[in-house]
Amino acid sequence: MKIELPDQPYRYVTENSQECDSETAFVLTTQNEKYLDDAKAKGAHSVIKIQDIASLFGVDKIKIVGITGTNGKTTTASAIYSFLLDLGYKAAMQGTRGLFMNDEAVEGKTLTTPSVLNTYRHIYQAVEAGCEYFIMEVSSHAIAQKRIEGLPFELKILTNITQDHLDYHKSIEEYINIKNSFFKDEGKKLINKDEPKAKFNFKNAYTYGIENPATYRLMAYSLNDGSSGIIQHFQEIVPFTASLHGFFNLYNLMAAISATHLITDKSLQEVADVVDNFAGVSGRMEQVCAAPNVIVDFAHTPDGMAQVLNALKEKELLVVFGAGGDRDKSKRPLMGRVAASLAKKVYVTSDNPRHEDPDAIVDGILSGIEDKSNVVVELNRKKAIEMALDEQEGEEVVVILGKGDENYQIIYDEKLPFDDREVVRELLNI
Ligand SMILES: CC(=O)N[C@H]1[C@@H](OP(=O)(O)OP(=O)(O)OC[C@H]2O[C@@H](n3ccc(=O)[nH]c3=O)[C@H](O)[C@@H]2O)O[C@H](CO)[C@@H](O)[C@@H]1O[C@H](C)C(=O)N[C@@H](C)C(=O)N[C@H](CCC(=O)O)C(=O)O
Ligand SMILES: Nc1ncnc2c1ncn2[C@@H]1O[C@H](COP(=O)(O)OP(=O)(O)OP(=O)(O)O)[C@@H](O)[C@H]1O
Ligand SMILES: N[C@H](CCC[C@H](N)C(=O)O)C(=O)O
Ligand SMILES: [Mg+2]
């Protein structure tokens, strides 16, 4: 995408060599340096290193917070964004759900972390809108591909490291190393102390945790009717309540409360007081209907599924899920095992098969399940949801995993409209 910049010797900048011409400068990034010759051949006005135009986009005029981890990035980012707005700051948030600014959706979903110049463009928009904070999700792909180069992070946050994206990273060790490489520098960082795989530079490191001593420690908690807890930070002891459900969300809340405390001049009590206003994220532990009880959640990793199903384990669970095509194949049997071990009945179905054969994806899932007596396969996701709703009785909960707030089913290159929540409402006539 060409971006117009005022008062420069060139008119536009672009990170795509194919868009270069005599009035368009090529912004050189680690990702596109292989196209430098092409940019010159296309007659680029000039070549500028990405770091050298950072100040034109105002990246030094806003506090950038980067969040990485296998799960919980969107939830933690959304919580920080919500707390900041409630505390009276102007803020922007960029991630899986798109770009949001001062409580408005500005751009829809693209990537969790867009290409580097797109992030710069979003930062520019945020600065123009008077935002003091830019909260962004940082995916492992983005770290590996340096989609975050030149960004001066005010704070970096680690949620957790479990398994995902081994199609791209090839081994769990490489994936762990990539995640941890985000925390090698001496900048301010906030680390989940209960994550044993975390490795980070101790300089300017703060921690949060529930099981282990940490800078911000959850001393006590309750998960009745939402959640509540008491945080200890040195001599301070501060209670909070939240509408979020599930033990895992206590980690997201701890990360968000600690981060907000670290990046603002508000007291821990002032931050804790706004936690309850955060209503959670669309498509994450979202109750679509109370009777019958139907929950839609975005869990798409073995750990995410285990966390959500464990959070609901007081009830008997009917679990509908699949696994994405053209994505980590090795997580599929693990997802199958988790579902079968925690559900009364499992309905294996399709979730964005992309270019893969849906049957082969299901076979991958089934290969992790030894006892298949409570497992059915129905590739048509709507039919699978319908089966679960038909078979649901009494207090049983229908849990539909993997798509959350996605409103499509990707088959080959086509995005067909599909929203788990709308399908449920349609089938239940509500
Ligand atoms: C596998 C993967 O991550 N691919 C990403 C990668 O593609 P690529 O390396 O093939 O890029 P490329 O086409 O060589 O382009 C690299 C750079 O060269 C430039 N270019 C390209 C062609 C050319 O002729 N001249 C030129 O200058 C491009 O403008 C770009 O700046 O870099 C592109 C630009 O940044 C991304 O759009 C693309 O994401 C693809 C579409 C994708 O699907 N990515 C997914 C897997 C992804 O990144 N997911 C993560 C994690 C999701 C999560 O868990 O939340 C995400 O951050 O969304
Ligand atoms: N802290 C956590 N630990 C483990 N699982 C979690 C945690 N937080 C959320 N989850 C699970 O992961 C799902 C995705 O949560 P969220 O969207 O916040 O993660 P994400 O890291 O942004 O995911 P993505 O990589 O797709 O952007 C949730 O729906 C829930 O099932
Ligand atoms: N950010 C994740 C989302 C997965 C969601 C799931 N519905 C799928 O398509 O696998 C990914 O791109 O791997
Ligand atoms: Mg996300």
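Remember, it's 1-based here, ligands and their atoms both numbered in the order they're listed.
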- Query: Tell me, which residues have any heavy atom less than 4.0 Å from some atom of ligand 2?
  - Reply: Thr70, Asn71, Gly72, Lys73, Thr74, Thr75, Thr96, Thr112, Glu137, Asn160, Phe248, Asn252, Arg284, Asp297, Phe298, Ala299, His300, Asp303, Gly304, Gln307, Val308
- Message: With a 3.5 Å distance limit and no angle check, can you tell me whether Asn374 reaches the backbone of Val346 through a side-chain donor-acceptor pair?
- Response: no
- Message: Please check this pair: side chain of Lys179 against backbone of Gly69, looking for a donor-acceptor N/O pair closer than 3.5 Å.
- Response: yes
- Do Asn249 and Asn252 have a side chain donor and acceptor closer than 3.5 Å? yes
- Is there a donor in the side chain of Ser78 and an acceptor in the side chain of Arg97, or the other way round, less than 3.5 Å apart? no
- Task: Any chance you could lay out the ring pair (Phe, Tyr, Trp, His ring centres under 6.0 Å) test for Tyr221 and Phe247, step after step, and finish with the verdict?
- Result: CA-CA 9 Å; Tyr221 65 88; Phe247 182 68; 5.4 Å; yes
Please tabulate, one line per pair, the protein nitrogen or oxygen atoms found under 3.5 angstrom from a nitrogen or oxygen of ligand 1, with distances to 0.1 Å, or say none if there are no such pairs.
{"unit_1": "ligand 1", "atom_1": "3 (O)", "unit_2": "Gln145", "atom_2": "NE2", "d": "2.8"}
{"unit_1": "ligand 1", "atom_1": "3 (O)", "unit_2": "Arg147", "atom_2": "NH2", "d": "3.1"}
{"unit_1": "ligand 1", "atom_1": "14 (O)", "unit_2": "Lys34", "atom_2": "NZ", "d": "3.4"}
{"unit_1": "ligand 1", "atom_1": "14 (O)", "unit_2": "Tyr35", "atom_2": "OH", "d": "3.3"}
{"unit_1": "ligand 1", "atom_1": "24 (O)", "unit_2": "Gln18", "atom_2": "NE2", "d": "2.6"}
{"unit_1": "ligand 1", "atom_1": "25 (N)", "unit_2": "Asn16", "atom_2": "OD1", "d": "3.2"}
{"unit_1": "ligand 1", "atom_1": "25 (N)", "unit_2": "Ser17", "atom_2": "OG", "d": "2.7"}
{"unit_1": "ligand 1", "atom_1": "27 (O)", "unit_2": "Glu15", "atom_2": "O", "d": "3.4"}
{"unit_1": "ligand 1", "atom_1": "27 (O)", "unit_2": "Ser17", "atom_2": "N", "d": "2.8"}
{"unit_1": "ligand 1", "atom_1": "27 (O)", "unit_2": "Ser17", "atom_2": "OG", "d": "3.3"}
{"unit_1": "ligand 1", "atom_1": "29 (O)", "unit_2": "Glu15", "atom_2": "O", "d": "3.3"}
{"unit_1": "ligand 1", "atom_1": "32 (O)", "unit_2": "Gln31", "atom_2": "NE2", "d": "2.7"}
{"unit_1": "ligand 1", "atom_1": "35 (O)", "unit_2": "Gln31", "atom_2": "OE1", "d": "2.9"}
{"unit_1": "ligand 1", "atom_1": "48 (O)", "unit_2": "Arg147", "atom_2": "NH1", "d": "3.4"}
{"unit_1": "ligand 1", "atom_1": "48 (O)", "unit_2": "Arg147", "atom_2": "NH2", "d": "2.8"}
{"unit_1": "ligand 1", "atom_1": "54 (O)", "unit_2": "His165", "atom_2": "NE2", "d": "2.7"}
{"unit_1": "ligand 1", "atom_1": "55 (O)", "unit_2": "Thr112", "atom_2": "OG1", "d": "2.5"}
{"unit_1": "ligand 1", "atom_1": "57 (O)", "unit_2": "Thr113", "atom_2": "N", "d": "3.1"}
{"unit_1": "ligand 1", "atom_1": "57 (O)", "unit_2": "Ser139", "atom_2": "OG", "d": "2.7"}
{"unit_1": "ligand 1", "atom_1": "57 (O)", "unit_2": "Arg147", "atom_2": "NH1", "d": "3.2"}
{"unit_1": "ligand 1", "atom_1": "58 (O)", "unit_2": "Thr112", "atom_2": "N", "d": "2.7"}

- Go through the side-chain N and O atoms of Thr76 and Thr159 and say whether any donor and acceptor fall under 3.5 Å apart. no
- Query: Closest to the Mg ion (ligand 4), which N/O/S atom of Glu137 is it?
  - Reply: OE1
- Short check: any N/O/S atom of Thr74 below 2.8 Å from the Mg ion (ligand 4)? yes
- Message: Just by distance, no angles: are the side chains of Asn293 and Gln287 close enough, under 3.5 Å, to form a donor-acceptor pair?
- Response: yes
- Message: Can you confirm whether more than 12 heavy atoms, excluding those of Asp225, are under 6.0 Å from its CG atom?
- Response: no
- N/O/S of Thr112 less than 2.8 Å from the Mg ion (ligand 4)? no
- Message: Any side-chain to backbone donor/acceptor pair from His245 onto Leu223? Under 3.5 Å, distance only.
- Response: no
- Message: Could you check whether Gln163 and Asp328, counting side-chain N and O atoms only, form a donor-acceptor pair closer than 3.5 Å?
- Response: yes
- Does one side chain, of Ser115 or Glu15, offer a donor that lies under 3.5 Å from an acceptor on the other? yes
